[in-house]
Amino acid sequence: MTLPKFLIVMVYSKLLLSKLNAFDEVEVRLEYQIVPDSDADPAVGRYPESAAASQALLGHVTGDVVDTVFNYEGVRLRVEAIGEGD
């Protein structure tokens, strides 16, 4: 099976994100999976699709930068990689 040249962020996507500072330098990398609200468990990186960050990330591709709110803080996130979820 051949995978598409790029994937788009969807529910169940497993993401590698970079949190960027004001100079677009990487502050931290984090794993983030968008799941239905009933399956969410932020302690293990599974975030509800209704969360502001999840909504902002949906439909984006690798390399996109998204300004959103994460953990009650305005952040700038860059999508580094997109994988298929369970």
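Only this structure's heavy atoms are used, side chains among them; waters, hydrogens and symmetry mates stay out.
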Please identify each residue that fulfils side-chain hydrogen bond (donor to acceptor under 3.5 Å, both in side chains) with [X], with sequence neighbours left out.
{"X": "D24", "value": "R76"}
{"X": "E27", "value": "none"}
{"X": "D39", "value": "Y12"}
{"X": "Y32", "value": "S54"}

Where [X] and [Y] come nearest, the two heavy atoms and their spacing:
{"X": "H60", "Y": "A56", "answer": "CD2-O, 3.0 Å"}
{"X": "L57", "Y": "L17", "answer": "CD1-CD1, 3.9 Å"}
{"X": "E49", "Y": "P36", "answer": "OE2-CA, 3.5 Å"}

- Message: Rounded at 0.5 Å granularity, tell me how far CG in L7 sits from OG1 in T62.
- Response: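 L7 CG to T62 OG1: 7.0 Å, rounded to 0.5 Å.
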- How long is the span from the OH atom in Y47 to the CG atom in L15, to the nearest 0.5 Å?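 Output value for this atom pair is 11.0 Å.
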- Message: With a 4.5 Å cut-off on side-chain heavy-atom distances among I, L, V, M, F, W and Y, is there a chain of contacts connecting I34 to V44?
- Response: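 Different clusters.
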- Message: Test of understanding: clusters of I, L, V, M, F, W, Y form through side-chain heavy atoms closer than 4.5 Å, transitively. Do V11 and I82 belong to the same one?
- Response: yes
For [X], give me all partners under side-chain contact (heavy atoms from CB on, under 4.5 Å), at least two apart in sequence or on another chain.
{"X": "S50", "answer": "D37, P48"}
{"X": "Y72", "answer": "none"}
{"X": "A81", "answer": "L16"}

- Task: Not counting sequence neighbours, list each pair that qualifies as a salt bridge (charged side-chain N to carboxylate O under 4.0 Å, His left out) and has a residue in residues 54-64.
- Result: none
- Message: I need the full list of salt bridge (charged side-chain N to carboxylate O under 4.0 Å, His left out) pairs touching residues 51-63, with sequence neighbours left out, sorted by first then second residue.
- Response: none
- Task: Report yes if the side chains of L77 and T68 come closer than 4.5 Å at any heavy-atom pair, otherwise no.
- Result: yes
- Item | Pairing of K14 and E31 as salt bridge, 4.0 angstrom limit | no
- Message: Please give the remaining members of the hydrophobic cluster of V69, linking ILVMFWY side chains under 4.5 Å, ordered by chain and number.
- Response: none
- Task: Linking directly or through intermediates, with side-chain heavy atoms under 4.5 Å: list the remaining ILVMFWY members grouped with V65, chain and number order.
- Result: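 L20, V26, listed by chain and number.
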- Task: Taking salt bridge (Lys or Arg N to Asp or Glu O under 4.0 Å) as the test, write out the residues that go with E73, two or more places apart.
- Result: K19
